[in-house]
Amino acid sequence: MDAPTWLWGLFSGALLLMLALDLHSHRDGRANSRRAAITWSLVWIGLGLAFAVPVWLSFGARPAQDYLAAWLIEKSLSIDNLFVFLLIFRALKIPYGAQRAVLTWGILGALLFRLVFVVIGSAALARFEWVAYLFGGILLFGAYKALREDPDAADETPILAWLERRFRVSAELDGQRFFTRVGGELQATRLLLAVLALELTDIVFAVDSVPAALSVASDPFVVYSSNAFAIMGLRSLYVVLAGVLNSFRYLHYGLAGVLGFAGLKMLLLRVVHTPPLVSVGIIVLIISASVLPSLKDSEK
């Protein structure tokens with residue numbers, strides 16, 4: 001399927017307009033409260049779900065269902081990104097007021113990298129049959145890693161450690177600047193390290209999330225638009241969940257289940273055809289089975 005020009009225009013226009021409104025409402029730290037973050041999270045979720053309508057009008061019911069399944073997978077897996085964001089901010093001691101700016105740059109970069117991954121991944125799947133088995137293996141390995149995660153263990157950020165060895169980093173922040181002069185020497189600030197760490201982290205996560213989305217939707221436009229709308233709500237979702245992320249003790253089991261389901265779906269792509277709405281139901285069931293017990297335990 002080739003997305004018509006009007007659909008690309010609608011997608012780009014909606015994304016840019018909502019991003020501009022989001023940035024404008026949060027300029028100079030305004031509307032940075034948890035209540036505002038909840039509102040914006042709901043707005044982005046609503047927009048992401050609503051975009052299934054123009055996909056349905058353009059492509060039909062099944063691609064619209066594929067879109068919803070891909071959006072749900074990306075939204076679920078993106079919660080794992082939030083844990084890493086929290087670790088990076090804590091390790092670099094990024095103040096709360098500067099975190100949204102870092103997240104903005106990180107998410108804008110993620111949109112570009114995801115586009116590259118989606119185009120390359122979908123083209124490879126269309127041309128080489130064995131790529132489906134490669135992606136399936138990557139997803140099953142990702143599921144195995146997620147299953148073995150220990151939420152009580154001290155988390156490390158190897159990407160951040162790698163960056164710190166390669167940059168001269170100033171001990172002090174300098175407003176919103178990425179570079180500052182210390183004794184006449186130009187040094188990176190911790191904000192630059194945070195942005196780079198977020199970008200590299202997203203590239204690593206894209207290795208799992210893009211093949212997972214491609215396991216339920218094959219059209220590049222459907223996959224990328226669903227990824228984009230899921231990613232764009234991460235800034236607000238981070239503010240909403242930052243204080244309770246550690247309460248999701250069993251979430252890694254749910255993420256392992258989603259990756260495992262996507263991996264098996266990719267491996268059996270030529271044999272078993274799972275209807276999109278069935279995929280959506282399975283993903284919702286897997287995530288609910290990990291989130292609800294986590295919330296129940298946190299109340300004890």
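Starting from 1, each residue takes its place in the sequence as its number. For the numbers below, each heavy atom of this structure counts, side chains included, while hydrogens, waters and symmetry mates do not.
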Margin query: Please find the pair of heavy atoms, one from A256 and one from L147, that lie closest to each other, and give the distance.
Written below: CB-N, 3.7 Å
Check: With hydrophobic residues grouped by side-chain heavy-atom distances under 4.5 Å, do L42 and L72 end up in a single group?
Finding: yes
Check: Do V119 and Y67 share a hydrophobic cluster (ILVMFWY, side-chain heavy atoms under 4.5 Å, transitive)?
Finding: yes
Notebook entry, point to check: In Å and rounded to the nearest 0.5 Å, what is the OG to CG distance from S290 to L285?
Noted result: 10.0 Å
Notebook entry, point to check: When hydrophobic residues are tied together by side-chain contacts of less than 4.5 Å, even through go-betweens, does F135 share a cluster with F141?
Noted result: no
Item checked: Flag, side chain of S58 to backbone of P54, donor-acceptor distance under 3.5 Å -> no
Next item on the list: Carefully, step by step, assess L19 and M232 under the rule side chain to side chain contact (heavy atoms under 4.5 Å, CB included).
Entry: CA-CA 8 Å; L19 178 60; M232 286 306 301; 3.3 Å; yes
Margin query: If the condition is salt bridge (charged side-chain N to carboxylate O under 4.0 Å, His left out), which residues does D208 pass it with, not counting sequence neighbours?
Written below: none
Checklist line | Separation of F113 CZ from I203 CD1 (nearest 0.5 Å) | finding: 4.0 Å
Checklist line | Derivation and outcome, side chain to side chain contact (heavy atoms under 4.5 Å, CB included), residues L7 and F59 | finding: CA-CA 10 Å; L7 190 57; F59 294 136; 4.1 Å; yes
Notebook entry, point to check: Hey, what do you get for CG (L193) to CG (L196), rounding to the nearest 0.5 Å?
Noted result: 6.5 Å
Next item on the list: Could you check L125 against L214 for side chain to side chain contact (heavy atoms under 4.5 Å, CB included), going step by step and ending with a plain yes or no?
Entry: CA-CA 9 Å; L125 272 176; L214 287 169; 3.8 Å; yes
Check: If every non-hydrogen atom of S226 is compared with every non-hydrogen atom of A70, which pair is closest and at what distance?
Finding: OG-CB, 3.3 Å
Notebook entry, point to check: Among L264, L77, I138, which one satisfies side chain to side chain contact (heavy atoms under 4.5 Å, CB included) with L259?
Noted result: L77
Item checked: Rounded distance [0.5 Å steps], CG in L16 versus CG in L21 -> 11.0 Å
Next item on the list: Check the pair W71 / F229 against ring pair (Phe, Tyr, Trp, His ring centres under 6.0 Å), numbers first and verdict last.
Entry: CA-CA 8 Å; W71 179 87; F229 281 122; 9.2 Å; no
Notebook entry, point to check: G137 and L267: which non-hydrogen atoms are nearest, and at how many Å?
Noted result: N-CD2, 4.2 Å
Note to self: Grouping I, L, V, M, F, W and Y whenever their side-chain heavy atoms are under 4.5 Å apart, do F51 and L277 come out in a common cluster?
What the structure shows: no
Check: Roughly how far, to the nearest 0.5 Å, is the CG atom of L108 from the CG atom of L103?
Finding: 10.5 Å
Next item on the list: Treating Ile, Leu, Val, Met, Phe, Trp and Tyr as nodes and any side-chain heavy-atom pair under 4.5 angstrom as an edge, say whether L140 and V207 lie in one connected cluster.
Entry: no
Checklist line | Donor-acceptor contact below 3.5 Å, side chain S225 vs main chain V222 | finding: yes
Checklist line | Nearest-0.5 Å distance, CZ of residue R114 to CD1 of residue I231 | finding: 4.0 Å
Next item on the list: May I ask you to test the S76-I283 pair for a side-chain heavy-atom distance under 4.5 Å?
Entry: yes
Check: Minimum heavy-atom separation for A228 to L15, with atom names?
Finding: CB-CD2, 4.2 Å
Margin query: As a quick check of understanding, evaluate side chain to side chain contact (heavy atoms under 4.5 Å, CB included) for V102 and F89, giving each step before the final call.
Written below: CA-CA 9 Å; V102 173; F89 290 146; 3.7 Å; yes
Margin query: Can you tell me how the ring of F11 sits relative to the ring of Y224, calling it parallel under 30°, perpendicular over 60° and tilted otherwise?
Written below: perpendicular
Item checked: Minimum heavy-atom distance between K265 and S279, given as atom pair plus value -> CE-OG, 3.2 Å
Checklist line | Closest non-hydrogen atom pair between A124 and V131, with its separation | finding: O-CG2, 3.7 Å
